[in-house]
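Structure first, commentary second.
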Amino acid sequence: MTDNKLRVKWSKREKDFMGYYPLGISTKSDLHYLFWKVINDDLRKELEERGYDLTTLKFEVTVDPTKRPDRFPTLLAQSTNGSNR
């Protein structure tokens with residue numbers, strides 16, 4: 001899955017959360033940060049205790065490659081050529 005979104009969602013196959021990161025420099029570390037600071041065991045436990053179904057959790061945020069063209073040169077090239085989805 002290569003698009004311009006940083007995302008986390010439940011995987012039925014893996015029975016765990018899977019993360020996807022956009023094309024760009026250091027975006028994999030953005031995903032690691034998301035798992036380390038946001039979607040961690042504390043959040044999972046808290047949501048389960050409150051009665052939420054974690055298999056329905058979806059998180060995504062779209063990149064604006066014009067704000068940091070140095071980090072997203074591939075996405076910026078795609079968007080300026082009109083080949084972006």
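Numbering of residues begins at 1 and proceeds along the displayed sequence.
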Closest heavy-atom pair, Thr56 versus Asp53, reported as atoms and distance to 0.1 Å, is OG1-O, 2.7 Å
Check the surroundings of atom CZ in Phe35: do more than 12 heavy atoms from other residues, nucleotides or ligands lie under 6.0 Å from it?
yes
Going through the distances and angles, do Tyr52 and Glu46 end up as a side-chain contact (heavy atoms from CB on, under 4.5 Å)?
-> CA-CA 9 Å; Tyr52 288 96; Glu46 184 70 26; over 6 Å; no
Assigning hydrophobic clusters by single linkage (Ile, Leu, Val, Met, Phe, Trp, Tyr; side-chain heavy-atom cutoff under 4.5 Å), is Leu57 placed with Tyr33?
no
Quiz item: So Leu31 and Leu6, side-chain contact (heavy atoms from CB on, under 4.5 Å) or not? Walk me through it.
Solution: CA-CA 7 Å; Leu31 180 63; Leu6 178 65; 3.9 Å; yes
Exercise for the section: Indicate if Ile25 and Leu23 have the same hydrophobic cluster label, given that clusters are the connected sets of ILVMFWY residues with side-chain heavy-atom separations under 4.5 angstrom. Expected result: no
To the nearest 0.5 Å, atom CG of Asp30 lies from atom OH of Tyr21 at 11.0 Å
Note to self: Could you go through Lys15 and Trp10, starting from their C-alpha distance and side-chain angles, then the distance that decides it, and tell me whether this counts as side-chain contact (heavy atoms from CB on, under 4.5 Å)?
What the structure shows: CA-CA 7 Å; Lys15 296 184 175 72; Trp10 183 259; 4.3 Å; yes
What one should report as the nearest heavy-atom pair of Ile39 and Phe59 is CD1-CB, 4.4 Å
side-chain contact (heavy atoms from CB on, under 4.5 Å), that's the test. Do Leu54 and Leu47 meet it? Break it down for me. CA-CA 7 Å; Leu54 295 182; Leu47 289 175; 3.7 Å; yes
Heavy atoms of Thr27 and Pro22 approach each other most closely as OG1-O, 2.6 Å
Nearest heavy-atom contact between Arg44 and Phe17 is NH2-CD1, 3.1 Å
So CG of Asn40 and NZ of Lys45: to nearest 0.5 Å the spacing works out to 12.0 Å
